[in-house]
Amino acid sequence: MIVTRFAPSPTGRLHLGHAYSAILAHDFARRQGGRFLLRIEDIDGTRSRPEHVKTIIADLAWLGLSWDGDVVHQSQRLSAYAGALDRLREMGLLYRCYCTRAEIAAASLSAPHGAEPIYPGTCRVLTRQNAERPHCWRLDMARATAIAGPLTWQDHGRTIVADPLTAGDVVLARKDAPASYHLAVTVDDAWQGVTDVVRGQDLFAATHVHRLLQALLGLPTPAYHHHRLLTGPDGVRLAKRHGAPALAALREGGSNGLALATELRVGRVPIGATDT
Ligand code: GLU
Ligand code: ZN
């Protein structure tokens, strides 16, 4: 049985790009008599808002999408992430990192502008630990990849060789949250029995890390279907466009959600839907 999911973070309102992604994941499952799940990725307690969850649910219903079973909230799944973290810690693959953002930025001057800098590994070699000092937990990527060995995944039926090393020592538990995006997504996709991950090309790089975590934690690997990102008539990515309207604004303005979904299904962005 095919199982797909849509996994928005309720840190803001959904835009056309989200609608496109949700529709593709929904249709992929429905076409094959499968299940489509909704997961709210609200581990970031400082940025997630309950009112955004309500809006997301209303937006999806307006687009004509229905999901199976209960909506899963990652904020209710923290003990599962803690268990996965313990396991990796026992394998000797995690270390405490006390660095501030500014310190990391200063130590990795070569990071391209705007890109998340690759962690320079400063705390990997610290022998004295201080649990009282604010810290996150990082994955020792060199050790982890050595243990896991060569890994691949299927993307649109093509074999991709995973290269997690280039992501550096990623954060698996944050200073301000008990799990990072990478850990929570990997644990939950397995726990929910997701067979096919349909999501935007912007998350392709993250899949290298997710594939490694699956191997380390003994979890199954779904098939992936990274899709192109929607662009406006001028070729600019919608998510990057200034003033691309939220779905809620279109909905409240009286637009027809089903008609919008029909256009998005054929990859068309309706004129007028890109400007406020
Ligand atoms: N929560 C992530 C986001 O909103 C997506 C997670 C995923 O599809 O893997 O960007
Ligand atoms: Zn550090």
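Just so it is clear, the structure is predicted and the values come from calculations on it, not from any experiment. Order of listing sets the numbers, starting from 1, for every ligand and every atom in it.
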The remaining residues in the hydrophobic cluster of Trp137, counting side-chain heavy-atom contacts under 4.5 Å among Ile, Leu, Val, Met, Phe, Trp and Tyr, are Ile43, Leu78, Tyr81, Leu85, Leu88, Met91, Leu93, Leu94, Leu139, Met141, Ile147, Leu151, Leu165, Val170, Leu172, Leu183, Val187, Val209, Leu212, Leu213, Leu216, Leu217, Leu219
Sequence neighbours excluded, the answer for ring-ring contact (aromatic ring centres under 6.0 Å, His included) partners of His182 is His210
Is the closest heavy-atom distance from Tyr181 to ligand 1 below 4.0 Å? yes
So for Leu203 against ligand 1, with non-hydrogen atoms under 4.0 Å, the contacting part is side chain
Nearest heavy atom to atom 6 (C) of ligand 1, choosing from His18, Glu41, His210, Arg199, belongs to Glu41
**Prompt:** Are Thr166 and His208 linked by a side-chain donor-acceptor pair shorter than 3.5 Å?
**Reply:** no
CZ of Arg35 to CZ of Arg30, rounded to nearest 0.5 Å, is 9.0 Å
Separation between CG (Leu38) and OG1 (Thr4), nearest 0.5 Å, reads 11.0 Å
When rounded to the nearest 0.5 Å, the distance separating SG of Cys99 from OH of Tyr119 is 3.5 Å
Short version for Arg5: what comes under 4.0 Å of ligand 1, heavy atoms counted, is side chain
Within a distance under 2.8 Å of the Zn ion (ligand 2), the protein atoms of type N, O or S are Cys97 SG, Cys99 SG, Tyr119 OH, Cys123 SG
Separation between NE2 (His225) and CD (Gln154), nearest 0.5 Å, reads 9.5 Å
Taken to the nearest 0.5 Å, the spacing of Glu103 CD from Thr122 OG1 works out to 8.0 Å
Atom 4 (O) of ligand 1: closest protein heavy atom, distance to 0.1 Å, is Ser9 OG, 3.3 Å
The side-chain contact (heavy atoms from CB on, under 4.5 Å) partners of Arg228 (sequence neighbours excluded) come to Tyr20, Leu230
Ala7 to ligand 1: N or O pair under 3.5 Å?
-> yes
